[in-house]
Number of protein chains: 2
Amino acid sequence: MLFQKLVFELLVPIYTKSFILYTNEDILCKGANSLSISSRFSVGIHILSLLEINKGGVSSSDFIAKSVNTNPVVIRKIIGMLKNAGLVNVRPGIAGAEPARDLSEITLLDVYKAVNVVQEKALFSVHESPNPACLVGRNIQDTIGPLFSEAQLAMEKSLGNVTVEDVVKDILKRES
Amino acid sequence: MLFQKLVFELLVPIYTKSFILYTNEDILCKGANSLSISSRFSVGIHILSLLEINKGGVSSSDFIAKSVNTNPVVIRKIIGMLKNAGLVNVRPGIAGAEPARDLSEITLLDVYKAVNVVQEKALFSVHESPNPACLVGRNIQDTIGPLFSEAQLAMEKSLGNVTVEDVVKDILKRES
DNA sequence: TTTCATTGTAACTAATTTGATTACATGTAA
DNA sequence: TTACATGTAATCAAATTAGTTACAATGAAA
């Protein structure tokens, strides 16, 4: 075990320098990058819309995966989250999922919360352990915390104004 | 080179199975996690507030780093972004940074944009290449794109309502 | 002009999260 | 029983963050 570990630690730097350097160029030429909220959210909306539009048929994870263009396991994980949030009905062994309530009563905010893409009051991260000996350091967190929460709530409120039914209607409208 | 690569690829699985499994437990027991916007943003606000409160003194990257409790290079990177956005003045070789304009004319939205934590219209990621043969797949992106943009703009508008001067005043108020 | 502190920046790292994938256990119906 | 679907654990490659070392470039002061 120890021998493996030693050999490993000797080889990694050699291997890294020999083979992986090209990757660094791609990364480091960029400078600072930015983040996006997980596509679980958009996939969750896609799934619920598809359940509605495929109402007559059976929406298995395989079927949905083909529409989303991803792996069925990804779909089953997200459907599991929607189920935990009470948004869909789905049972082991039985093909197909269904909305648990009328889509006019499911907002994008419900889906957003179900798929757990952003924690409450944690859209913005605040740097940890600023210096308590500094006037700014010992107050900055309490000062910006409420401001960040308010901004996050404004975003979430916007999501709460739209239902999945609205999304389905817009999709159908684009085809007419 | 090829030999190194082969040995490496043989050893990695062995090493992984032997030594790194404990890490997986920590990670995998969690299920899906969530993201936060980079603390560059809160550090940027901290820096500008400190420049104001330390107006009489010299705010070098070392000085600021001690207040934020991080590495001076991290501070210099963020100050570089603030400089690019025209929010601070700072020159190579000369210690200290200063706000480039009155803090009552710098909003949190200005800082947010300066430190590039979220791209325009890209707070939410949309799953790529949905199936164009599906009614939902070929329309979902166009349908949810504007909805996501609106939610993002609501958040950003909230940030635009607060200036760094407001933040400084709140910090001072907490000490009185 | 030399010295020295400071900014600017490249290179690298460990830790996290994401989305995808394989494998398989569990559950249901024909 | 067989066949198929859901549930879920275990991995993986890629991307991002925050931190670190190292050093080049700049400017002020001795």
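Each chain gets a letter, A, B and so on, in the order its sequence line appears, and its residues count up from 1.
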Please list all pairs meeting ring pair (Phe, Tyr, Trp, His ring centres under 6.0 Å) that have one or both residues in residues 133-175 of chain A, counting only residues at least two apart or in different chains. Phe124(A)-Phe148(A), Phe148(A)-Phe41(B)

Neighbours of DNA chain D within residues 48-55 of chain A, by heavy-atom distance under 4.0 Å: none

Please list every donor-acceptor pair under 3.5 Å in which a side-chain atom of residues 63-74 of chain B meets a protein atom from a residue at least two apart or in another chain.
{"unit_1": "Ser67(B)", "atom_1": "OG", "unit_2": "His46(B)", "atom_2": "NE2", "d": "2.7"}
{"unit_1": "Asn69(B)", "atom_1": "ND2", "unit_2": "Ser129(A)", "atom_2": "O", "d": "2.7"}
{"unit_1": "Asn69(B)", "atom_1": "ND2", "unit_2": "Ser129(A)", "atom_2": "OG", "d": "3.2"}
{"unit_1": "Asn71(B)", "atom_1": "OD1", "unit_2": "Val73(B)", "atom_2": "N", "d": "2.9"}

Under the side-chain hydrogen bond (donor to acceptor under 3.5 Å, both in side chains) test, residues paired with Asp102(A) that sit two or more places apart: Ser104(A)

Mind calculating the distance between CD (Glu128(A)) and C1' (dG19(D)) to the nearest angstrom? 13 Å

Do you know which two heavy atoms are closest between Ser36(A) and Ser125(B), and how far apart they sit? CB-CB, 3.7 Å

What is the distance from CG of Asn71(B) to C1' of dG19(D), rounded to the nearest Å? 6 Å

Show me the pairs that pass salt bridge (Lys or Arg N to Asp or Glu O under 4.0 Å) and involve residues 125-145 of chain A, at least two apart or across chains. Arg138(A)-Glu175(B)

By side-chain hydrogen bond (donor to acceptor under 3.5 Å, both in side chains), which residues pair with Thr163(B), not counting sequence neighbours? Asp166(B)

Contacts satisfying ring pair (Phe, Tyr, Trp, His ring centres under 6.0 Å) that involve residues 64-90 of chain B (not counting sequence neighbours) are none

How many whole angstroms separate atom CD1 of Ile78(B) from atom C1' of dG19(D)? 11 Å

To the nearest Å, give me how far apart CZ (Arg40(A)) and P (dG19(C)) are. 6 Å

All N/O contacts under 3.5 Å from nucleotides 4-9 of chain C to the protein, with atom names and distances to one decimal?
{"unit_1": "dT7(C)", "atom_1": "OP1", "unit_2": "Ser61(B)", "atom_2": "N", "d": "3.3"}
{"unit_1": "dT7(C)", "atom_1": "OP1", "unit_2": "Gly96(B)", "atom_2": "N", "d": "3.2"}
{"unit_1": "dT7(C)", "atom_1": "OP2", "unit_2": "Ser61(B)", "atom_2": "N", "d": "3.3"}
{"unit_1": "dT7(C)", "atom_1": "OP2", "unit_2": "Ser61(B)", "atom_2": "OG", "d": "2.7"}
{"unit_1": "dT7(C)", "atom_1": "O4'", "unit_2": "Gly93(B)", "atom_2": "N", "d": "3.2"}
{"unit_1": "dG8(C)", "atom_1": "N7", "unit_2": "Arg76(B)", "atom_2": "NE", "d": "2.9"}
{"unit_1": "dG8(C)", "atom_1": "O6", "unit_2": "Arg76(B)", "atom_2": "NH2", "d": "3.1"}

For Arg91(A), what residues pass the salt bridge (charged side-chain N to carboxylate O under 4.0 Å, His left out) criterion, not counting sequence neighbours? none

In whole Å, I'd like the distance from the CD1 atom of Ile37(A) to the P atom of dT17(C). 15 Å

Tell me the ring pair (Phe, Tyr, Trp, His ring centres under 6.0 Å) pairs involving residues 151-176 of chain B, sequence neighbours left out? none

Report the residues that fulfil side-chain hydrogen bond (donor to acceptor under 3.5 Å, both in side chains) with Thr107(B), sequence neighbours left out, ordered by chain and then residue number. Asp110(B)

For DNA chain C, find the residues of residues 135-142 of chain A with a heavy-atom distance under 4.0 Å and give them by number; none if there aren't any. none

